Amino acid sequence: MTSTPKFNPYLAHLHPAERATSSKVNAATSSKEPLFGFLPRNVSADQVRTAIEHDLNPFTKQPHTPQYKKILEARKKLPVFAQMDEFYKIFNKHQIIVMVGETGSGKTTQIPQFVAYSDLPHTKNKIVACTQPRRVAAMSVAKRVVDEMDVQLGRQVGYSIRFEDMTEPGTTFLKYMTDGMLLREAMNDPDLNRYSTIILDEAHERTLATDILMGILKSLAQRRPDLKLIIMSATLDAIKFQKYFGITGNAPAPLFKVPGRTHPVEVFYTQEPEPDYVEAAIRTVLMIHRAEEPGDILLFLTGEEEIEDACRKIKAEADDLINGDPESVGPLVCIPLYSSLPPQQQQRIFDPAPKAGRVDGPPGRKVVISTNIAETSLTIDGIVYVVDPGFSKQKVYNPRIRVESLLVSPISKASAQQRAGRAGRTRPGKCFRLYTEKDFMSELEEQTHPEILRSNLANTVLELVKAGIKDLVRFDYVDAPAPETLMRALELLNYLAALDDDGNLTPLGNIMAEFPLDPQLSKMLIVSPEFKCSNEILTITAMLSVPVVWLRPNNQRKEADIAKARLTVPDGDHLTLLNVYNNYIQNQYDKNWTWNNFLSARALMQADNVREQLKRTMERFEVELVSVQDQKKMFLAIRQALCCGFFMQVAHKEGEKGNYMTVKDNQVVALHPSCGLDTQPEWVIFNEFVLTTRPYIRTVSEARPEWLLEYAPMYFDMKNWPDGETKRALTRAANKREGKFGARFEEGERAGEAGVKKRKKNKLQ
DNA sequence: GAGCACTGC
């Protein structure tokens with residue numbers, strides 16, 4: 001290589017810097033290369049600025065489109081752009097950095113591009129990844145960056161979310177992805193060798209996946225000095241992350257800080273605590289409507305019912321105002337917003353405010369009444385007033401009874417700030433907090449508890465063990481979960497035979513981890529071929545993994561209930577779910593059919609999608625897809641397979657009043673009113689424990705004690721059980737059974753192990 | 001005789 005031809009396909013694959021050193025070519029030709037002189041991980045902002053202005057796209061070597069320059073002018077106005085020099089100074093010097101970028105700083109779109117100029121991942125077959133907590137964000141940011149970089153979506157720049165991989169192996173070097181997706185990858189490739197830099201965006205949201213990734217990446221950074229990490233977060237959490245990612249006993253990780261671009265928001269508190277926050281919220285909205293300048297209102301409430309109720313009341317009161325004095329106030333529209341609303345109705349939040357009732361009359365106003373969805377997931381432009389009663393529904397986990405439930409709780413200071421910020425996106429705004437300043441200062445927690453402290457960790461623990469992390473108690477968590485939560489998870493996985501008594505992954509557990517499911521579900525799915533009903537269990541599993549398919553509109557409850565009764569299988573709710581799905585398929589995914597039967601077409605489509613994904617995983621691990629033809633046998637088989645996964649979620653009837661008592665935890669529960677069983681069987685197996693007006697079990701099927709004893713002998717080993725009616729009933733069943741089956745009971749082999757062992761012998765080894 | 005904040009694989 002002594003001369004540089006005009007085009008050399010070999011040279012084109014070489015890194016420009018390497019080319020420059022490997023051949024002393026004439027500088028005039030080479031400098032036409034946009035990336036000429038770039039040294040990986042040691043580039044300067046000057047170099048990057050020059051490359052960005054180059055006529056050729058540095059990554060495709062194609063001339064830029066006119067659109068590129070136009071977008072570039074807008075990019076240059078972003079606050080991060082002004083601090084490019086500082087960014088490279090810090091990034092070049094450190095392996096891990098923490099970045100704080102307020103709303104509007106441009107961090108999510110720009111920082112990954114800056115990193116691409118530094119890592120030059122396209123020359124080394126590496127990828128720069130940027131994680132997002134939400135799928136829509138990963139998708140829309142990737143699309144934006146594609147335009148900014150003048151490349152094609154799914155080629156050089158792409159995204160990867162569940163059900164959709166918009167990347168091209170070997171070509172994609174910048175990838176936006178959900179945090180859950182990267183965690184999945186880490187499970188199978190603990191060194192994440194494809195990545196040169198990993199950026200965790202929105203780290204302050206502390207999703208379960210991001211928290212686990214922080215732990216994994218912190219230790220990975222020691223094994224892989226070539227891997228760089230950027231943790232992007234809101235201000236309040238930065239110090240915590242800096243300390244966490246600091247080298248032990250040494251300095252905290254360096255901070256790169258960029259201001260945001262928002263407008264000031266004036267905050268008001270109430271003088272006294274409000275006894276009824278919904279009533280106070282309604283009053284405040286109407287007060288704003290009467291007395292404040294034009295501008296839309298965003299009110300935060302906790303759930304669907306509260307929101308629909310408030311919508312009706314505000315509408316009624318506003319109408320009264322107008323009728324009473326049409327001169328003083330303009331028209332007002334109320335728009336509800338929560339996640340179970342169909343997307344079409346969610347779009348209504350972007351409708352413009354209503355026009356004035358008449359020429360020169362007072363202008364109209366839009367009020368969006370929303371759950372927390374408007375705090376992070378959706379931004380509504382034009383909001384000037386925020387009404388914040390200070391509550392949201394939050395997930396809480398009680399490890400003692402293994403129950404996750406939703407509880408209306410006070411929000412955190414961080415959350416309150418986020419809410420207030422929603423008023424200042426387009427111009428200066430006001431935020432009305434329906435609590436006192438004193439309560440804000442002294443009663444609200446600084447941060448919302450990270451999800452890892454509020455969740456059942458069974459799934460997470462299985463993923464961690466699969467990723468090679470065995471000592472879960474001493475794992476370096478940003479915030480360690482309660483030991484009891486970990487213990488409960490390990491215990492469940494052990495009973496399910498996913499982990500052996502030493503906490504090692506079993507062959508069964510190894511396959512279970514591959515399914516994006518709760519361990520009870522993956523266990524039941526994997527063992528279902530032994531019962532000759534895997535096609536059916538696959539469907540039921542998919543139906544249990546999506547939101548409830550039944551619709552029950554307020555004004556058509558009766559009709560909805562009748563429609564549901566037509567599809568109900570009296571032997572159990574799980575069989576009803578199977579029946580609904582099968583009917584949906586028989587009716588060829590017909591939307592009219594779903595509509596006429598008060599079923600959510602969206603949820604059913606999702607179920608079908610999930611079913612396909614699970615099916616592919618089953619095929620990959622040679623979990624057979626089989627059915628028995630005889631319906632009676634099939635119904636039995638399905639409930640037996642259910643027992644293999646859900647034997648820890650069993651309740652026994654106590655007395656004649658329809659009360660049930662959960663086995664071992666001894667919680668008194670009732671069958672949920674949605675339950676379709678036509679009798680009250682002595683033993684039931686349930687999918688879910690819900691704590692609302694009282695404790696209910698939901699999605700329930702009949703179980704038989706002999707199945708429990710046969711498929712979960714370790715769990716139903718009665719030697720160390722407390723005395724009680726449940727124990728007596730089980731003992732009766734056991735005695736009866738022992739007479740019948742004798743020796744087989746002694747084996748004590750847990751269902752599922754046999755099948756996996758067989759497969760292992762044949763295929764896995 | 002009820003209800004499902006939100007997200008993710």
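Keep in mind that this is a model prediction, so the values were computed, not measured. The sequence lines fix the lettering, A, B, ..., with proteins before strands; numbering per chain opens at 1. What you see below is based on every heavy atom in this structure, not just the backbone, and it leaves out hydrogens, waters and symmetry mates.
Out of B:dG3, B:dC6, B:dC9, the shortest distance to the side chain of A:S377 is found at B:dC6. With distances taken from any side-chain atom of A:M181 to the nucleotides B:dC4, B:dC9, B:dG3, the minimum falls on B:dC9. In this structure, the nucleotide among B:dA5, B:dC6, B:dG3 sitting nearest to the side chain of A:I373 is B:dC6. Closest approach to the A:R552 side chain among B:dA2, B:dT7, B:dG8 is made by B:dA2 (side chain taken as heavy atoms from C-beta onward). Closest to the side chain of A:S339, out of B:dA2, B:dC4, B:dA5, is B:dA5. Side-chain proximity of A:T178 to B:dG8, B:dA2, B:dC4: nearest is B:dG8. Here the nucleotide nearest the side chain of A:E451, chosen from B:dT7, B:dC4, B:dG3, is B:dT7.
Residue contacts for A:L406: at a heavy-atom cut-off of 4.0 Å it reaches a base atom on one of the strands shown. Looking at heavy-atom distances under 4.0 Å, A:T207 makes no contact with the nucleic acid at all. Heavy atoms of A:L183 sit nowhere under 4.0 angstrom from any nucleic acid atom. Residue A:R162 is in base contact, counting any heavy-atom pair closer than 4.0 Å across all strands shown. Within 4.0 Å (heavy atoms only), A:R557 reaches at least one base atom of the nucleic acid. Across all strands shown, A:Y338 has heavy atoms under 4.0 Å from sugar-phosphate atoms exclusively, and none from any base. Among the atoms of the strands shown, none is found under 4.0 Å from any heavy atom of A:D518.
In this structure, A:Y277 atom OH and B:dA5 atom P are separated by 11 Å, rounded to whole Å. For the pair A:N609 CG and B:dC9 C1', the computed distance is 13 Å after rounding to whole Å. With rounding to whole Å, A:D179 atom CG is found 8 Å from B:dT7 atom C1'. Summarising the geometry, the separation between NE2 on A:H449 and P on B:dT7 is reported as 22 Å, rounded to the nearest angstrom. Taking atom CD of A:Q132 as the reference point, atom P of B:dC6 lies 20 Å away to the nearest angstrom. Here B:dC9 presents its C1' atom at 11 Å from CE of A:M177, a figure rounded to the nearest Å. As rounded to whole Å, 13 Å separates atom C1' of B:dG1 from atom CD of A:Q680. Nucleotide B:dC9 holds its P atom 19 Å from the CG atom of A:L525, rounded to whole Å.
For the residue pair A:Y338/A:E306, the side-chain donor-acceptor check at 3.5 Å is not satisfied. Neither side chain, A:K393 nor A:T371, offers a donor N or O lying under 3.5 Å from an acceptor on the other.
Here A:F686 and A:F646 keep their ring centres 6.0 angstrom or further from each other.
Formation of a donor-acceptor pair under 3.5 Å by the A:S412 side chain with backbone atoms of A:T448 is found in this model.
Taking the nucleotide of DNA chain B with the nearest heavy atom to each of A:P673 and A:Q394, the more 5' of the two is matched to A:P673.
Using a 4.5 Å heavy-atom threshold, the side chains of A:R419 and A:R433 count as separate.
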**Request:** Report the C-alpha separation of A:Q132 and A:Y159 in whole Å, then their side-chain angles, then the decisive distance to 0.1 Å, and conclude whether the side-chain contact (heavy atoms from CB on, under 4.5 Å) test is met.
**Result:** CA-CA 10 Å; A:Q132 297 292 321; A:Y159 64 86; over 6 Å; no

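The base of B:dG8 lies outside donor-acceptor range of the side chain of A:R135, with no N or O pair under 3.5 Å.
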